[in-house]
Amino acid sequence: MKTPQTLDELMLRCRALAGLTLGQLAAELGHQVPVHLKQDKGWAGQLLEQALGASAGSKAEPDFPELGVELKTLPIDQHGKPLESTYVCVAPLTGINQQLWQDSWVCQKLSLVLWLPLLAERSIPVAERVIGTGFLWQPDSKEQQLLQQDWEELMELIALGGIDQIRGAHGQVLQLRPKAANSKALTAAIGEAGQPIQALPRGFYLKTSFTQQLLRKAFG
DNA sequence: CAGTGATCATAT
DNA sequence: ATATGATCACTG
């Protein structure tokens, strides 16, 4: 799948996917559909990346570098409610003195997002899950402010050695949660007294209440 | 049963 | 180990 050259081309392709089931799309692209996602958690996301021509791989750059667009699938139930939080990026736990929100990875990644809702209740077989209507989002000033506030608070805690006091409930819209192979994984971090320690890697996630508001704005 | 913490596959 | 893609599953 060639990468789209313009935003219009990307959105056109995206609209063409709306209403298709994952089974139909997988068949078109020559993929087998897993029975469940327990061992293929990123399967749907990667299928949709391919269908839209996103640059493959796990490079630390937007899905569509030329367009500056980040693609996020958003699993929802039949009422349009998000089923899961949305992973944004890993959180830097060291070397973060005086980083500005505007320069942060979170801010960059969320500056332009193509949200692609996916009817994905667990009771629906994977192959029958239906692709929804994708929409482009840029945070408005209020959303930007909420994100920045949470980010600054979390980053200050991290920088001051408070990593182990942070739990998922901390932010209003943005949260910090484990992002690792398992609970034994370790990465460099800052201890209570400012000393180097090893800690569980974390990632930034958008809470479902936030992504639900984005859906409301887009569809009512 | 929502939300937090844990986990899975793959590429580099 | 760290980055990508996320969902699983236990707990209050």
ask   = Considering heavy-atom distances to DNA chain B, does Lys207(A) or Lys41(A) have its closest nucleotide positioned more toward the 5' end?
value = Lys207(A)
key: First encountered from the 5' end of DNA chain B, between Ser85(A) and Gln39(A)   = Ser85(A)
Reckon [X] touches a base, only the sugar-phosphate, or nothing at all at heavy-atom distances under 4.0 Å?
X         : result
Ala180(A) : base
Gly168(A) : sugar-phosphate
Gln198(A) : nothing
Leu186(A) : sugar-phosphate

Whole Å only: how far is the [atom1] atom of [X] from the [atom2] atom of [N]?
X         : N      : atom1 : atom2 : value
Glu84(A)  : dC8(C) : CD    : C1'   : 7 Å
Leu52(A)  : dT4(C) : CG    : P     : 19 Å
Asn182(A) : dA6(C) : CG    : P     : 21 Å
Gln50(A)  : dG5(C) : CD    : C1'   : 14 Å
Trp43(A)  : dC8(B) : CH2   : C1'   : 16 Å
Glu49(A)  : dA9(B) : CD    : P     : 18 Å
Gln212(A) : dA2(B) : CD    : C1'   : 12 Å
Gln175(A) : dG3(B) : CD    : P     : 10 Å

ask   = Going by modelled atom types, is there a donor-acceptor pair between the base of dA6(C) and the side chain of Tyr205(A) at under 3.5 Å?
value = yes
task = Please evaluate the base of dT7(B) for a donor-acceptor partner in the side chain of Lys38(A) within a cut-off of under 3.5 Å?
result = no
Counting only side-chain heavy atoms from C-beta out, which of [options] sits nearest to [X]?
X         : options                : result
Lys179(A) : dC8(B), dT4(B), dA9(C) : dC8(B)
Ser183(A) : dC8(C), dA3(C), dT7(B) : dT7(B)
Cys89(A)  : dG5(C), dT4(C), dT4(B) : dT4(C)

message = Rounded to the nearest 0.5 Å, what separates atom OG in Ser141(A) from atom CD in Gln148(A)?
response = 11.5 Å
note = The reported gap from CZ in Arg129(A) to CD1 in Ile76(A) (rounded to nearest 0.5 angstrom) is 12.0 Å
OP1 or OP2 of [N] sitting under 4.0 Å from any side-chain N/O of [X]?
X         : N      : answer
Tyr87(A)  : dG5(C) : no
Arg167(A) : dG5(B) : yes
Lys81(A)  : dG3(B) : no
Thr208(A) : dA2(B) : no
Thr73(A)  : dA6(C) : yes

inquiry  = Please check this pair: side chain of Glu121(A) against backbone of Gln78(A), looking for a donor-acceptor N/O pair closer than 3.5 Å.
reply    = yes
task = Mind telling me whether Trp137(A) and Trp115(A) have parallel, tilted or perpendicular rings, with 30° and 60° as the class edges?
result = tilted
Upstream residue (5' side of DNA chain C) when Ala91(A) and Arg122(A) are each assigned their closest nucleotide = Ala91(A)
key: Side-chain touch Lys179(A)/Cys89(A), heavy atoms, less than 4.5 angstrom   = no
query = Does Lys41(A) come within less than 4.0 Å of Glu84(A), counting only side-chain N to carboxylate O?
reply = no
